[in-house]
Amino acid sequence: MNRPLISTTKTSTDIAIVNIEINSDRLQEEIETLANFSEVSAPAVTRVLFSDEDVAARNFLRDRCREVGLEIREDPIGNMFATWPGTDRSLGAVGTGSHTDAIPNAGKYDGVVGVLGGLEAIRALKESCYQPRHDITLIPFTAEEPTRFNAGCLGSRMMCGAVTPEKALSLMDKEGVCLDEWRNRAGYSGDLAEVQCREGDFSAFVELHIEQGPELEEAKEDIGAVTAIAAPAGYGLRILGEGGHAGAVLMPKRQDAFMGAAEIALALEMLAKNSGSPDTVATIGVVEVLPGAINGIPNETRLEIDVRDISLESRDKVLEDFRAKVTEICERRQLRQVWTEFNCDPPATCAPHIVDAVETASAEFGLKCRRMVSRAYHDAVFMARLAPTAMIFIPCYKGYSHRPDEYSSPQEIANGVKVLAHTLKTLAG
Ligand code: GLV
Ligand code: MN
Ligand code: MN
């Protein structure tokens with residue numbers, strides 16, 4: 001056969017463990033195919049939860065998993081569980097996976113490397129004639145991205161019971177279409193209470209992902225063994241003022257909701273910069289000005305705010321100071337504030353034995369590995385509540401992510417898949 005195989009050349013005392021061959025061409029072809037299920041043209045990818053493109057991507061993935069002979073189950077929120085049965089089915093499964101939904105105008109690697117890379121790792125292990133004791137389950141999670149319902153990691157959140165079925169059913173998108181209608185359209189129904197996992201369902205979870213930051217590339221290192229995942233918080237903030245005619249209302253009389261929001265945005269930036277923690281980040285990625293006319297004074301401005309830190313204390317101090325600042329600005333400008341909390345999650349700590357396994361696997365393949373934190377959030381944050389969890393990072397070009405020029409090379413991806421396969425083998429016995 002002419003297909004190129006990326007295999008380890010390192011000799012080891014444990015031949016069985018290093019006999020892992022990744023078919024990089026097959027994987028790259030699948031990454032390219034998946035990228036075509038997009039609302040926008042290449043290289044950009046937009047794939048929002050339960051859109052036609054998301055459904056097409058799910059169909060593609062299901063077919064690939066069936067080809068490999070995995071047992072497929074999908075839960076009522078659309079999480080997929082593609083299982084390679086182990087020899088002892090009484091043991092908790094070893095999970096791996098990530099997501100295939102993509103925010104507007106994103107790239108083709110975020111999440112996808114963990115899903116298709118996870119599938120390739122399973123194929124490589126099967127082709128090496130290895131037989132796991134534990135089930136190995138690939139999980140493409142529903143809606144890691146918050147785009148439709150402002151609820152990031154919806155699928156994994158529900159798996160660990162962090163969102164009740166009632167709360168999930170109350171979710172609505174910006175057009176007023178509720179979760180139930182969207183999931184039915186995409187072919188999912190049934191009792192959402194069934195999404196929550198039982199204790200012992202999983203014995204471990206490991207997620208492969210592009211770093212989404214520049215550290216590995218800058219240090220010329222191949223693999224990140226993630227030790228902790230930052231604490232994310234997301235809020236909607238409506239600033240309400242008085243509308244009016246842009247020509248006729250003089251400046252001292254104005255209660256301009258957008259000018260208040262602008263001052264609030266700059267205050268948040270200042271608080272994040274001066275938090276005393278180098279890891280604090282704050283973003284306002286959505287701003288909607290109403291009524292939205294050049295000659296109308298804004299009577300309302302809607303902000304969507306994202307604040308994170310590895311340290312919960314630092315993040316929460318910034319949020320507390322920010323709330324006080326918003327109150328001060330609103331009082332001075334005679335505006336009103338209305339808050340909605342989308343999420344406010346603690347950080348996740350990774351399991352030392354899985355971090356060790358990732359380091360060992362990297363060394364086995366002669367890859368340079370560093371321990372590091374994840375500043376982005378991932379389904380691993382919620383899987384860590386169900387089972388010992390860790391993540392494997394690979395470098396990406398200039399740390400770019402959530403933009404069309406996101407890129408990791410075939411070699412970098414194959415390295416990550418090899419390390420994932422080795423780690424799964426260690427965990428699955
Ligand atoms: C996930 O995409 C995040 O926003 O960290
Ligand atoms: Mn993302
Ligand atoms: Mn992701």
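As the structure lists them, so they are numbered: ligands from 1, and atoms in each ligand from 1.
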Cation-pi geometry met for R323 and Y235 (6.0 Å, 45°): yes

W182 six-ring face occupied by R148 cation (under 6.0 Å, within 45°): yes

side-chain contact (heavy atoms from CB on, under 4.5 Å) between F60 and L34, intermediate numbers included: CA-CA 8 Å; F60 170 75; L34 202 70; 3.5 Å; yes

Polar contact flag, side-chain donor to acceptor under 3.5 angstrom, S277-D309: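 Yes, a side-chain donor-acceptor pair sits under 3.5 Å.
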
Side-chain H-bond candidate by donor/acceptor type, S401 with Q212, under 3.5 Å: yes

Close residues, ligand 1: non-hydrogen atom nearer than 4.0 Å: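 If the criterion is a heavy atom under 4.0 Å, then ligand 1 touches E144, E145, R308, A376, Y377, H402.
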
Cationic N near anionic O, under 4.0 Å, E263 to K325: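 So E263 does not pair with K325 through a salt bridge.
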
SB check R371 E359 (cutoff 4.0 Å): yes

Backbone of R133 reached by a side-chain donor or acceptor of D88 within 3.5 Å: no

For the Mn ion (ligand 2), every protein N/O/S atom that sits closer than 2.8 Å, waters excluded: D110 OD2, E145 OE2, H402 NE2

Atom CD of E199: over 12 foreign heavy atoms under 6.0 Å: no

